[in-house]
Amino acid sequence: MKRVITYGTFDLLHYGHINLLRRAKEFGDYLIVALSTDEFNWKEKQKKCYFGYEKRKALLEAVRYVDLVIPEENWEQKRRDMHEYHIDTFVIGDDWAGAFDFLREEGVDVQYLARTPEVSSTQIREDLAKVKGKASGYGKV
Ligand code: C2G
């Protein structure tokens with residue numbers, strides 16, 4: 001059984017995330033997603049998620065490509081995860097190109113996949129804020 005892992009926040013789950021998960025699964029038979037905890041997101045990535053960890057986890061567990069969701073709590077856990085979960089391939093979007101090449105030292109294949117253009121959780125938030133702004137403008141007399 002070929003085991004694949006990927007890491008991320010996956011807030012406001014969208015088709016860019018699904019494209020990544022679908023392609024990641026194509027590298028093996030079992031896909032693990034190490035999902036950034038709320039604390040890790042805030043402390044290390046200055047990201048405040050719309051959905052908390054448990055909700056983001058439930059959404060990912062409903063995705064057909066995902067076999068297991070584990071917490072991502074720090075930057076350092078990756079080396080250990082490769083052995084603890086017997087990983088063959090590490091996959092992540094190419095916005096991280098080169099950042100995790102060191103995992104090859106753990107005997108893992110490292111793959112950076114092209115991001116899906118035009119969609120991001122940040123963009124969704126910004127677009128919704130504009131709509132909300134317009135909506136609150138209506139009705140005011
Ligand atoms: N992604 C993508 N296309 C998009 C948006 C995201 O392919 N339009 C990919 C990212 O490249 C990443 C995954 O979807 O591989 C999750 O994206 P984020 O939640 O933004 O992940 P990030 O915050 O970059 O966390 O230790 C690694 C970090 O936890 C990665």
Side-chain angles (χ1 to χ4, degrees), residues 1-140:
M1 174 188 274
K2 298 278 280 178
R3 299 164 67 89
V4 186
I5 197 167
T6 191
Y7 293 69
T9 301
F10 294 97
D11 194 23
L12 298 178
L13 197 62
H14 55 66
Y15 64 92
H17 295 138
I18 301 302
N19 281 343
L20 188 283
L21 295 170
R22 176 177 44 73
R23 288 174 293 159
K25 186 59 174 282
E26 287 167 4
F27 283 92
D29 318 282
Y30 191 87
L31 174 61
I32 299 173
V33 178
L35 181 63
S36 310
T37 61
D38 298 334
E39 298 75 18
F40 179 64
N41 270 314
W42 182 242
K43 271 193 308 199
E44 300 298 327
K45 297 194 270 185
Q46 291 71 50
K47 284 188 174 184
K48 186 136 181 44
C49 292
Y50 184 82
F51 289 126
Y53 178 81
E54 288 307 323
K55 289 187 170 71
R56 289 182 285 120
K57 180 171 185 278
L59 282 161
L60 281 172
E61 287 171 337
V63 174
R64 65 172 60 202
Y65 309 115
V66 177
D67 297 288
L68 175 68
V69 179
I70 62 170
E72 178 185 31
E73 296 167 303
N74 55 65
W75 295 112
E76 296 70 34
Q77 71 182 76
K78 291 185 177 70
R79 280 189 190 273
R80 190 189 66 238
D81 290 348
M82 298 307 126
H83 301 286
E84 191 171 336
Y85 295 97
H86 312 292
I87 299 300
D88 299 287
T89 306
F90 168 92
V91 175
I92 199 160
D94 62 3
D95 43 323
W96 293 92
F100 303 113
D101 291 355
F102 66 87
L103 291 172
R104 293 185 175 124
E105 296 158 20
E106 308 301 327
V108 169
D109 175 26
V110 174
Q111 293 288 338
Y112 301 105
L113 304 182
R115 275 175 73 93
T116 301
E118 284 121 40
V119 64
S120 71
S121 310
T122 308
Q123 191 61 53
I124 292 169
R125 278 195 193 85
E126 285 168 6
D127 291 353
L128 288 174
K130 280 184 220 143
V131 168
K132 188 165 174 279
K134 282 201 189 94
S136 64
Y138 300 136
K140 278 203 184 94

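Remember, it's a predicted structure, so these values are computed and weren't measured experimentally. First listed ligand is number 1; within each ligand, the first listed atom is number 1.
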Report task. Run the numbers on Lys43 and Glu39 for salt bridge (Lys or Arg N to Asp or Glu O under 4.0 Å), then give the verdict. Result -> CA-CA 6 Å; Lys43 271 193 308 199; Glu39 298 75 18; over 6 Å; no
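- Which of Phe40, Tyr112, Phe10, Trp75 comes nearest to atom 16 (C) of ligand 1 through a heavy atom is settled by distance: it is Phe10.
- Atoms of ligand 1 lying under 4.0 Å from any heavy atom of Ser36, numbered from 1 in the order shown and given with element: 29 (O).
- Atom 24 (O) of ligand 1 has its closest protein heavy atom at Trp96 NE1, 2.9 Å.
- For ligand 1, the atoms closer than 4.0 angstrom to any heavy atom of Glu72 are 26 (O), 27 (C), 28 (C), 29 (O).
- With respect to Arg56 and Asp38, a salt bridge is recorded, a charged nitrogen being found less than 4.0 Å from a carboxylate O.
- If you number the atoms of ligand 1 from 1 as listed, the ones under 4.0 Å from a heavy atom of Leu20 come out as 7 (O), 9 (C), 14 (O), 15 (O).
- Closest to atom 23 (O) of ligand 1, if we only count protein heavy atoms, is Lys47 NZ, 2.5 Å.
- Heavy atoms of His14 found under 4.0 angstrom from ligand 1 belong exclusively to the side chain.
- By heavy-atom distance, the residue among Arg115, Arg56, Glu118 lying nearest atom 7 (O) of ligand 1 is Arg115.
- Using a cut-off of 4.0 Å between Lys/Arg side-chain N and Asp/Glu carboxylate O, Asp81 and Lys78 are scored as not salt-bridged.
- If you look at Thr9 next to ligand 1, the close heavy atoms, those under 4.0 Å, come from the backbone and the side chain alike.
- When non-hydrogen atoms are compared, ligand 1 lies under 4.0 Å from the side chain of Asp95 (C-beta onward) but not from its backbone.
- Protein heavy atom closest to atom 15 (O) of ligand 1, with residue, atom name and distance, is Gly93 N, 2.9 Å.
- In the vicinity of Lys78, heavy-atom distances shorter than 4.0 Å reach the ligand 1 atoms 26 (O), 27 (C).
- Considering only heavy atoms from C-beta on, Asp67 comes within 4.5 Å of Lys25 through its side chain.
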